[in-house]
Every structure is written in C-alpha cells, then in structure tokens.
*Asks:* 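Questions regarding the structure given below will be posed in turn.
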Amino acid sequence: IAIVLIVGLGALGAYFYTKAGQKTPVVVVTRDVAAGHRIERSDLSTVNVAGGVTAIGGSNLDSVVGEVATVELLPGTLLQRAMVTSASPLPAGSSLVGVELKPGQLPAGGIRDGARVQVLQLPNKNNTSSTAPQNATVLATSATVYESAADPSQTGGSLITLLVPSDDAPAIAAVASSGLVALVVVGS
C-alpha cells in the first residue's frame with residue numbers, strides 16, 4: 001500500500017507540475033480605447049498567462065479588430081467578450097459633429113475622450129450693437145466628446161468630434177463653422 005501511495009502521489013505531483021508551467025495566449029489591450037470607439041489591430045497584442053483566466057484567446061485576436069469597445073479599455077487589460085460589441089458606435093438619434101476650437105474655447109488642460117460637455121454659442125465679437133446679447137447661448141446641455149486631437153493648423157487649438165442628439169447637430173455645425181463655439185465640461 002505504501003508503494004502504491006508513493007507512486008500515486010508522485011504521479012499526481014508530476015501532473016500538477018506540468019499543468020503549472022502551461023501558459024495560454026490571450027488578447028491584451030496595449031493602448032487606451034475610449035468606449036464607443038472601434039478597436040484597431042494596433043490597440044491589441046497577446047500575452048501568455050497561466051491559470052484559469054476569462055479572456056479572449058490569442059488565436060481569436062483578429063476577430064476583435066473592428067469591434068466597438070463597450071467600456072473604456074486601458075493598457076494591460078485582458079480583453080473579454082463583454083467589453084466589445086459589433087453594434088454601431090453611434091446610438092440611434094445621435095450624430096457626430098466636428099468642431100475646431102481655439103485656446104480659450106475649452107478648458108486649459110484639454111478634454112478627454114468620453115467627457116460630458118455643454119456646447120455653447122459665443123457672442124459675436126464684431127457685433128458692436130448695444131442691443132445684441134453678450135451672453136453665451138447653450139446649444140446642447142449634454143454632449144459627449146467622441147474624439148479629440150490637437151489642431152495642426154494652429155498652436156494650442158483642438159479638433160473635437162462631439163456625439164450630440166441629432167436635433168442639436170445642425171445648429172452646432174453652423175455655429176462651429178463660424179468659430180463661435182465653446183465647450184464646458186460638466187459633471188456626469
């Protein structure tokens with residue numbers, strides 16, 4: 001009995017030793033991806049992990065490219081199916097509007113993708129009439145910054161794509177074309 005017990009425990013130990021060294025490739029996020037954005041190949045990589053983890057297998061990496069992030073994806077995150085969807089990133093009743101902002105038309109630190117903002121129409125500086133309103137007009141009380149980038153055509157400027165209700169989109173686009181738009185970050 002002692003010999004059978006020793007051989008059995010030795011075999012069990014050898015089995016666990018070989019399993020402990022096995023690693024499985026899974027998909028990992030390498031760059032920030034904001035919720036609602038399409039995932040590109042350059043946003044992902046694979047990493048080998050040991051143990052029972054819930055993540056998309058490394059062999060399925062290409063199936064995730066082009067999907068839309070349902071949550072903000074941070075570098076180093078093991079990607080799971082619940083974090084991505086094939087649905088359109090643009091919700092029904094919403095539109096994407098681009099605005100070009102000069103310094104002073106957005107907070108000094110810039111705006112992160114996913115930030116909630118108010119969209120304001122600024123008064124026209126050239127209007128010298130004393131009856132013209134000098135207050136900003138709210139064009140959208142709650143818009144979301146879909147994407148932001150530095151404006152290469154002007155120092156300190158920004159190019160912002162906003163996710164807005166479709167009803168507000170024409171007015172925002174018209175004001176944006178005149179350069180009289182500003183963004184104010186609001187709490188969520």
Side-chain angles (χ1 to χ4, degrees), residues 1-99 106-118 140-152 158-166 183-188:
I1 293 178
I3 293 173
V4 170
L5 186 59
I6 292 171
V7 170
L9 288 175
L12 189 60
Y15 171 78
F16 284 126
Y17 179 77
T18 60
K19 284 294 184 185
Q22 288 183 338
K23 293 187 176 185
T24 306
V26 295
V27 177
V28 64
V29 179
T30 58
R31 295 189 325 186
D32 282 336
V33 179
H37 283 252
R38 291 218 180 270
I39 299 170
E40 298 177 13
R41 175 62 181 91
S42 59
D43 298 328
L44 305 173
S45 185
T46 60
V47 65
N48 292 322
V49 295
V53 296
T54 304
I56 297 173
S59 61
N60 297 321
L61 184 141
D62 289 334
S63 71
V64 180
V65 174
E67 297 278 310
V68 176
T70 58
V71 295
E72 182 178 7
L73 302 176
L74 301 173
T77 303
L78 299 181
L79 196 60
Q80 299 179 9
R81 282 284 169 202
M83 297 175 173
V84 299
T85 183
S86 58
S88 170
L90 193 59
S94 297
S95 298
L96 293 175
V97 178
V99 296
L106 71 160
I111 295 181
R112 289 181 40 97
D113 295 354
R116 305 290 295 169
V117 296
Q118 276 188 339
T141 57
S142 182
T144 302
V145 175
Y146 183 78
E147 191 168 14
S148 60
D151 185 354
S158 296
L159 300 174
I160 309 289
T161 301
L162 297 172
L163 179 65
V164 299
S166 292
L183 301 181
V184 177
V185 176
V186 294
S188 54

*Asks:* Below 4.5 Å, heavy atoms only, C-beta onward: do I111 and S158 meet side chain to side chain?
*Replies:* no
*Asks:* Using every non-hydrogen atom in the two residues, find where V185 and P107 come nearest and quote the distance to one decimal.
*Replies:* CG2-CG, 3.7 Å
*Asks:* If you compare all heavy atoms of I160 against all heavy atoms of S148, which two are closest, and at what distance to 0.1 Å?
*Replies:* CD1-CB, 3.4 Å
*Asks:* Donor-acceptor pair, S142 side chain versus R116 backbone, under 3.5 Å?
*Replies:* no
*Asks:* Please round to the nearest 0.5 Å and tell me the distance separating atom OG1 of T46 and atom CG of N60.
*Replies:* 11.5 Å
*Asks:* I'd like to check M83 versus T77 (side-chain heavy atoms, cut-off strictly below 4.5 Å). Are they in contact?
*Replies:* yes
*Asks:* Mind listing the closest non-hydrogen atom pair of V164 and A143 along with its distance?
*Replies:* CG1-CB, 3.6 Å
*Asks:* Can you sort out the partners of D43 under salt bridge (charged side-chain N to carboxylate O under 4.0 Å, His left out), two or more places apart, ordered by chain and number?
*Replies:* R31
*Asks:* Is T85 reaching over with its side chain to a backbone N or O of V68, donor-acceptor style, under 3.5 angstrom?
*Replies:* no
*Asks:* Distance from I56 atom CD1 to E67 atom CD, nearest 0.5 Å?
*Replies:* 8.0 Å
*Asks:* Taking atom CZ of R81 as the centre, report whether more than 12 heavy atoms of other residues, nucleotides or ligands fall under 6.0 Å from it.
*Replies:* yes
*Asks:* If you count heavy atoms of other groups shown closer than 6.0 angstrom to CD1 of I3, is the number above 12?
*Replies:* no
*Asks:* Report yes or no: does T70 contribute a side-chain atom to a donor-acceptor pair with the main-chain N or O of A82 at less than 3.5 Å?
*Replies:* yes
*Asks:* Is it true that a side-chain atom of H37 and a backbone atom of Y146 form a donor plus acceptor pair closer than 3.5 Å?
*Replies:* yes
*Asks:* Are I39 and L73 close enough, and set up right, to give a side-chain contact (heavy atoms from CB on, under 4.5 Å), and what steps lead you there?
*Replies:* CA-CA 10 Å; I39 299 170; L73 302 176; 3.9 Å; yes
*Asks:* Can you find a pair of side-chain heavy atoms, one from V26 and one from V47, that are under 4.5 Å apart?
*Replies:* yes
*Asks:* Within the structure provided, determine whether V186 and T141 are in side-chain contact (heavy-atom separation under 4.5 Å).
*Replies:* no
*Asks:* May I ask you to test the T30-P75 pair for a side-chain heavy-atom distance under 4.5 Å?
*Replies:* no
*Asks:* Testing the basics here: between L61 and S45, what is the closest heavy-atom pair and its distance to 0.1 Å?
*Replies:* CD1-O, 3.6 Å
*Asks:* Got a second to check how far T54's OG1 is from L79's CG, nearest 0.5 Å?
*Replies:* 12.5 Å
*Asks:* Testing L162, L163, T161 one by one against E147 for a side-chain contact (heavy atoms from CB on, under 4.5 Å), which residue passes?
*Replies:* T161
